[in-house]
There are 2 protein chains.
Amino acid sequence: MKDEDSKGIRLSRQRETILAELRKVKTHPTADEVYDMVRKILPRISLGTVYRNLDTLSNRGVVLRLGGAGTQKRFDGNPAAHPHLRCSVCGRVDDLEWPFALPDLPVEHSMGYVDLRCDVEYVGICPTCAGKNN
Amino acid sequence: MKDEDSKGIRLSRQRETILAELRKVKTHPTADEVYDMVRKILPRISLGTVYRNLDTLSNRGVVLRLGGAGTQKRFDGNPAAHPHLRCSVCGRVDDLEWPFALPDLPVEHSMGYVDLRCDVEYVGICPTCAGKNN
DNA sequence: CTGCGTGCAAATGGTTTGCATCCAC
DNA sequence: GTGGATGCAAACCATTTGCACGCAG
């Protein structure tokens, strides 16, 4: 179904570049950071366009929008649900390489919610930030 | 330790009321909603004060600040980590009454992060929002 | 051609902050 | 009495949006 959704997508140079850049990195950049990355290739792109495209892409399930506790949203080129590590100090997000089964929610506990997916985040302090305070 | 932290806390009428109101409800109100609730009791309280207190209380671990994927943060009078259900349409958050063990992250996978806690959220569409579209 | 996508800039909206005053301890 | 807490309003900043033009299909 993901391919279904991507089918109807119009492929502008901007959108193409944003997606390519996002898939190139292993970090989880904010819209601002994506803007900076893409601007090196398309200097005339606007921040609004970056926001619009990140929105479109995440709605189509091509990329992942990470809620996060910070104010800024972060984006992940890998659209599959997978657990993350997030630093509560600097907001940095890392992929967690630990294949543990995300438990499916029994229907009798879903309280009428549908289309559920499971979001798991381990929140703590990253090595860099932990080092500064010690 | 929760009591330890709360010890040093100054107990103004505003802070007291905010905490009491937050504990009174089972919803997970936004700062705005807390403001509305508290204003009925303390009509002269300012939104800034509500934000400052929610910040203080969550930093001390007295209440829980929920990251959520939406823009607004929500708050939970129950400071213990527990899984939530979140509606991706309206942003509503419910407590999930399903005691499954939040998996502890093995140190060898923590990538240097410390003080980790696990945040589990099932994201879907709530009964109300699902009903509207069908 | 047609309409979606873009650049630009202004508008939004949640959250934070500076400052003088107030009150809990 | 004293420093943290408050009310108010302005400041911030990430994100969104209106509009006229441009380009992909």
Side-chain angles (χ1 to χ4, degrees), chain A residues 5-22 28-60 62-63 65-75 88-93, chain B residues 5-22 28-60 62-63 65-75 88-93:
Chain A
D5 288 341
S6 336
K7 276 239 174 78
I9 216 171
R10 197 148 172 173
L11 210 42
S12 69
R13 204 145 132 52
Q14 291 82 335
R15 183 167 295 164
E16 202 175 11
T17 308
I18 287 170
L19 182 53
E21 289 302 296
L22 194 49
H28 301 72
T30 61
D32 250 21
E33 292 166 346
V34 173
Y35 178 49
D36 285 338
M37 287 157 47
V38 175
R39 210 161 21 153
K40 289 177 183 147
I41 303 171
L42 304 174
R44 295 193 52 75
I45 198 173
S46 80
L47 182 56
T49 296
V50 172
Y51 272 105
R52 271 185 293 230
N53 276 317
L54 287 174
D55 195 50
T56 302
L57 291 172
S58 59
N59 284 339
R60 306 250 181 162
V62 182
V63 305
R65 187 204 304 267
L66 304 177
T71 296
Q72 292 182 95
K73 286 160 196 155
R74 290 175 175 271
F75 296 85
S88 54
V89 178
C90 67
R92 160 181 161 191
V93 173
Chain B
D5 287 342
S6 334
K7 276 236 174 79
I9 219 171
R10 197 145 172 174
L11 211 42
S12 68
R13 204 145 132 54
Q14 290 83 336
R15 181 166 296 163
E16 201 175 11
T17 309
I18 287 170
L19 182 54
E21 288 303 295
L22 194 49
H28 301 73
T30 61
D32 251 21
E33 293 166 345
V34 172
Y35 178 48
D36 284 339
M37 287 157 48
V38 175
R39 211 160 23 152
K40 290 177 184 148
I41 302 171
L42 305 173
R44 294 194 50 74
I45 197 173
S46 79
L47 183 55
T49 296
V50 171
Y51 272 104
R52 271 183 294 231
N53 275 317
L54 287 174
D55 196 50
T56 303
L57 291 172
S58 59
N59 285 339
R60 307 249 181 163
V62 183
V63 305
R65 188 204 305 266
L66 305 177
T71 295
Q72 293 181 95
K73 287 160 197 158
R74 290 176 175 271
F75 296 85
S88 55
V89 177
C90 67
R92 160 181 161 191
V93 173

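In what follows, chains are A, B, ... by sequence order, proteins preceding strands, each numbered from 1.
Rounded to an integer number of Å, the gap from A:Leu57 CG to C:dG5 P is 10 Å. Rounded to a whole Å, the CD1 atom of B:Ile41 is 17 Å from the C1' atom of D:dT6. Separating the CZ atom of B:Arg74 from the P atom of C:dT15 is a distance of 10 Å, rounded to the nearest angstrom. Here C:dT15 presents its C1' atom at 14 Å from NZ of A:Lys73, a figure rounded to the nearest Å. At whole-Å resolution of the value, CG in A:Leu66 and P in D:dT15 are 12 Å apart.
For the side-chain contact (heavy atoms from CB on, under 4.5 Å) test, residues two or more places apart in sequence or in another chain that qualify with B:Gln14 are B:Ser12, B:Leu42, B:Ile45, B:Thr49, B:Asn53.
Taking every heavy atom of residues 30-39 of chain A and every atom of DNA chain C, no pair lies under 4.0 Å.
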Check your understanding: Which nucleotides of nucleotides 19-25 of chain C have their base under 4.0 Å from a protein heavy atom (B), which only their sugar-phosphate (S), and which neither (-), written as one string 5' to 3'?
Key -> ----BBS
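Between the side chain of B:Arg15 and the main chain of B:Arg10, a donor-acceptor pair closer than 3.5 Å is present. Between the side chain of A:Arg74 and the backbone N or O of A:Leu66, no donor-acceptor pair lies under 3.5 Å. Side-chain atoms of A:Asp55 do not come within 3.5 Å of backbone N or O of A:Tyr51 as any donor-acceptor pair.
For the OP1/OP2 pair of D:dT15 and a distance below 4.0 Å, the side-chain nitrogens and oxygens of A:Tyr51 include at least one atom meeting the criterion. Listed pair B:Thr49 / D:dA5 fails the phosphate criterion, with no side-chain N or O lying under 4.0 Å from OP1 or OP2.
Taken over five-pair windows at either terminus, the axes of the helix from C:dC1-D:dG25 to C:dC25-D:dG1 are inclined to one another by 50° (rounded to 10 degrees).
If you check every strand for non-hydrogen atoms under 4.0 Å, A:Leu47 touches a base. Residue contacts shown for B:Asp55 are absent, as no nucleic acid heavy atom lies under 4.0 Å away.
A distance of 9.5 Å separates CG of A:Leu54 from CG of A:Leu19, quoted to the nearest 0.5 Å.
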Practice item. Please assess B:Arg65 against B:Leu57 for the test side chain to side chain contact (heavy atoms under 4.5 Å, CB included), listing each intermediate value before the final yes or no. Key: CA-CA 9 Å; B:Arg65 188 204 305 266; B:Leu57 291 172; over 6 Å; no
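Counting heavy atoms from C-beta on, the side chains of A:Val50 and A:Asp32 never come closer than 4.5 Å.
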Expected list for residues 34-41 of chain A: side-chain donor-acceptor pairs under 3.5 angstrom, two or more places apart:
residue	atom	partner	partner atom	Å
A:Asp36	OD1	A:Arg39	NH2	2.8

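The heavy-atom pair separating B:Pro29 from B:Leu22 by the smallest distance is CG-CD1, 3.6 Å.
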Polar atoms only, N or O, under 3.5 Å: list the protein pairs with nucleotides 11-13 of chain C and their distances.
none

